[in-house]
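One structure below.
Heads up: numbering here begins at 1 and tracks the sequence. Excluded from the calculations below are hydrogen atoms, water molecules and symmetry mates; all remaining heavy atoms, backbone and side chain alike, are included.
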Amino acid sequence: MMRPNISRATALSLVLSFAVGLMPAFVKADEGMLLPDTISRLPIRELNRRGLKIPLTEIYDPAGVSIKDAVVIVGGGTGEFVSPDGLLLTNHHVAFDALVAASDTTNDYGTSGFTARTRADEMPAKDYTVTITQDLKEVTNEVLAGISSAMPPSDRAAIIEKKIQAMEVAGSRPADGIQVRVLPMLEGLSYYQFTYLILSDVRIVYAPPKNIGFFGGDPDNFEWPRHSGDFTFMRAYVGPNGKPAAYAQNNVPFKPKKFLSLSLSGVKEGDFMMVMGYPGSTRRYRESYSVTYNQEIALPFQVDLFTRQIEILQSVGRADPSLRVKLQSTIFDISNTLKNFEGSILAIRRAGLPDKKRSDEALFTRWINETPARKAKYGEVLPSLEKAYQKLTATGHRDLLIPQIFGATDLLGIAFLAQCVAAEKEKPEAERNPALGTAAVTRVREQLEYIIADHNTRVEFEMLKYLLMKAAELPAGQKIEAIEKRFGQLQGEARRRAEEDFARSIVDNKRFSTVAALSGLFDLSTSQMKDLDDPLLEFAAELGAEVQSIDQETEVFNATVTRWRPLLVEGMIEMRGAKPYPDANRTLRFTYGEVAGYAPREAITYTAFTTLAGVIEKDTGHEPFDVPEKLKQLLRARDFGTYADPNSSSVPVDFLSTTDIIGGNSGSPILNGNGEQVGIIFDGNYEGLGNDFFYNGKTGRSIAVDIRYVLFITEKFGDAGHLIKELNISSFPGKARKTESVSSMP
């Protein structure tokens with residue numbers, strides 16, 4: 001599954017690994033996640049030859065309605081409107097958090113699925129929004145006006161950030177649901193402004209059970225052949241006045257400018273396919289230093305961490321049924337990311353990517369040295385980046401581990417914040433940091449009830465114990481002072497026992513186990529907290545200071561690489577005479593390819609299609625290959641409705657294409673040459689992992705649920721045929737009814 005979101009406890013440690021990168025990759029074959037405003041420059045004759053039947057303006061039209069208006073961000077993935085009444089399709093795994101949030105031990109919707117028989121029954125999707133791109137435009141000149149190459153990197157970064165914030169504030173209208181974002185492209189060589197409409201009332205309409213929506217579970221994740229019905233119907237609502245509004249019973253379905261038609265005509269090998277969606281993050285323009293850092297330090301660290309987290313969470317879930325329901329989404333997210341990172345390490349090694357990057361850099365250096373002008377402009381780029389990475393790598397393991405220890409329990413963060421607030425109160429009022437004032441304390445106090453409710457001492461104890469053990473394994477020169485002062489004099493089992501006792505004293509601290517006690521910390525002075533002589537407060541202060549130091553070093557690192565990245569991209573463009581597409585950054589992108597199987601290794605060839613017959617072949621009766629009995633009955637009775645493929649005499653399930661996708665594309669519509677939806681993207685294959693670093697057209701594939709399986713499950717298995725009546729479905733290419741539904745927009 002392609003989920004871009006990760007657990008909160010791991011977010012800080014990913015900052016460095018996801019913030020760095022350079023070397024441009026230039027488009028080959030079906031590679032490329034293209035910005036919508038570049039679609040008009042595509043080779044239209046070549047696309048027509050491959051099977052595109054509609055004008056490019058039907059895909060993206062800055063002056064009118066196009067497919068772009070039907071494709072949205074929903075949760076951590078992508079979705080698409082498929083009816084004039086705000087009905088949208090996305091993946092089961094994209095909607096899974098909402099299903100789990102609405103569940104309890106009586107109704108486990110994450111496992112059993114959900115069906116709304118009427119619109120009044122549609123279930124709120126907690127914390128979900130739908131985000132629609134209203135407009136996008138390049139604003140490079142506005143952002144970089146007055147920026148000089150002679151500026152210190154930190155000053156340059158601060159000025160650009162200040163400009164961006166001002167532009168975003170000026171363009172946003174929160175009361176109308178309008179948000180503006182200004183984002184760098186091509187490592188800051190250019191900037192784009194995106195205007196979004198955000199809908200905050202999102203509801204679940206139909207979700208199949210987990211043994212359809214995530215059939216095959218973790219063993220099948222990123223693998224082919226797949227047999228997963230990974231889809232969910234949701235609906236976006238607005239207030240009675242047509243404007244975005246929080247959930248209310250009298251809200252009405254949103255009327256999209258555009259909704260997609262669905263095609264039952266199917267797909268075959270070689271068919272032209274296109275995808276529009278919101279890919280999360282790629283790092284294809286990284287130089288060798290960054291790839292090496294990720295391959296040798298950052299990714300292995302995350303693999304070890306996630307492996308242990310999963311073991312702990314599964315153990316806790318087995319002992320407590322209510323926690324098992326609550327934790328299943330978190331385990332799913334972490335397991336997905338773990339397999340992705342494991343595959344990426346393997347893919348980078350197999351591709352010899354660092355060596356290829358070094359070869360590119362050597363070529364670039366030779367090109368620079370050919371003229372004094374190039375040397376003056378680009379000569380410092382690679383040496384400056386190499387120096388920045390040398391410093392990053394020197395303490396890489398330590399700097400990744402410290403934020404994880406600090407985030408192992410929220411108690412440490414709260415205790416540290418309380419001490420920072422107390423220190424600010426002792427300063428003259430004019431020198432105080434407003435971010436640590438009364439408003440900040442109020443916000444934290446409002447969250448304390450939820451924090452205490454989510455506080456799981458067993459999970460936090462096991463994680464902190466594990467992380468303290470990892471700290472003991474750090475090499476000389478990277479030891480953590482706050483830990484070594486407590487345990488550095490101990491060895492072996494004695495140290496392990498001391499670490500366990502200490503971890504338990506932190507996460508199971510009786511003094512600060514209630515909302516009132518934690519809230520009271522913010523009323524104490526620095527000296528009063530010191531007089532408490534509590535190990536939690538002392539450790540929080542020491543470790544928090546370390547986190548702040550790492551944050552400051554990260555800011556310097558980011559400012560440095562941000563200073564040199566645009567020049568490297570510019571130089572590569574000049575040397576190669578071609579401008580690459582920008583890395584994915586959760587903005588709307590377009591990609592195209594064709595239906596195709598692949599050969600994963602010697603003597604094995606995979607076809608591009610799976611069917612319901614293959615689902616039954618995998619049935620073991622046990623999770624994750626437990627086929628629902630009703631689905632078996634439908635196959636035995638050959639009760640396929642209008643959804644069987646005439647070539648296979650079975651219902652198609654999943655198919656492959658060469659379209660270039662990444663995490664965040666989950667839920668994206670995959671369209672035929674007529675612009676009709678024939679499937680839903682939900683995954684990539686294992687042989688294509690590492691595609692955030694490079695595109696592998698030979699074996700990399702995107703995996704989609706065939707739209708016929710979506711409709712078959714909805715109507716025949718889910719008895720939700722009332723939804724089929726909302727949809728615009730064609731049986732033959734290009735024969736669908738008109739799909740535009742124009743309405744007044746807020």
For S103, give me all partners under side-chain hydrogen bond (donor to acceptor under 3.5 Å, both in side chains), at least two apart in sequence or on another chain.
none
Qualifying residues under salt bridge (charged side-chain N to carboxylate O under 4.0 Å, His left out), relative to D127, sequence neighbours excluded:
none
Derivation of the side chain to side chain contact (heavy atoms under 4.5 Å, CB included) call for V205 and R203:
CA-CA 6 Å; V205 179; R203 306 182 194 181; 5.5 Å; no
side-chain hydrogen bond (donor to acceptor under 3.5 Å, both in side chains) involving T699 - partner list, sequence neighbours excluded:
N696
To the closest 0.5 Å, what do you measure between CZ (F341) and CD (Q302)?
5.5 Å
What residues form a ring-ring contact (aromatic ring centres under 6.0 Å, His included) with Y466, not counting sequence neighbours?
none
Crowded around Y247 OH? As in, over 12 foreign heavy atoms under 6.0 Å?
yes
Residues that Y278 engages under ring-ring contact (aromatic ring centres under 6.0 Å, His included), provided they are two or more places apart:
none
Counterpart residues, side-chain hydrogen bond (donor to acceptor under 3.5 Å, both in side chains), relative to Q179 (two or more places apart):
none
Under the salt bridge (charged side-chain N to carboxylate O under 4.0 Å, His left out) rule, collect the residues that match up with D320, sequence neighbours excluded.
none
Check whether any side-chain heavy atom of T90 sits under 4.5 Å from a side-chain heavy atom of F231, and report yes or no.
no
I'd like to check the salt bridge (charged side-chain N to carboxylate O under 4.0 Å, His left out) partners of E296; sequence neighbours left out, ordered by chain and number.
none
Salt-bridge criterion met for D583 and R283 (N-O under 4.0 Å)
no
Are the side chain of N691 and the backbone N or O of I661 linked by a donor-acceptor pair below 3.5 Å?
yes
Taking the inter-plane angle between the rings of F233 and Y206 on a 0 to 90° scale, is it parallel (under 30°), tilted (30 to 60°) or perpendicular (over 60°)?
tilted
Could you tell me whether a side-chain N or O of S315 sits under 3.5 Å from a main-chain N or O of E311, the two making a donor and an acceptor?
no
Enter the distance from I334:CD1 to R308:CZ here, rounded to the nearest 0.5 Å.
12.5 Å
Quick test of your reading of the model: are E223 and K339 salt-bridged, counting only N-O distances below 4.0 Å?
yes
Using the test ring-ring contact (aromatic ring centres under 6.0 Å, His included), find all partners of F694 that sit at least two apart in sequence or belong to another chain.
none
Are H455 and T409 close enough that some pair of their side-chain heavy atoms sits under 4.5 Å apart?
yes
Under 3.5 Å: donor-acceptor pair, side chain of T610, backbone of R226
yes
Output all residues satisfying salt bridge (charged side-chain N to carboxylate O under 4.0 Å, His left out) with D454, sequence neighbours left out; order by chain, then residue number.
K326
Do NZ/NE/NH1/NH2 and the carboxylate oxygens of R181 and E168 come within less than 4.0 Å?
yes
Only counting residues at least two apart or in another chain, list the ones meeting side chain to side chain contact (heavy atoms under 4.5 Å, CB included) with A101.
K126
Between E446 and R443, is the closest basic N to carboxylate O distance under 4.0 Å?
no
Output yes when a side-chain donor or acceptor of T282 lies under 3.5 Å from a complementary backbone atom of A584, and no otherwise.
yes
Test of understanding: with ring-ring contact (aromatic ring centres under 6.0 Å, His included), list the residues that count as partners of F712, not counting sequence neighbours.
none
Does the side chain of T337 come under 3.5 Å of the side chain of N340 through a donor N or O and an acceptor N or O?
no
Under 3.5 Å: donor-acceptor pair, side chain of R445, backbone of V515:
no
Using a 3.5 Å distance criterion without hydrogens, assess whether the side chain of S228 forms a donor-acceptor pair with backbone atoms of G213.
yes
Is D660 salt-bridged to R589, going by a charged N under 4.0 Å from an acidic O?
no
Lys/Arg N to Asp/Glu carboxylate O, K210 vs D626, below 4.0 Å
no
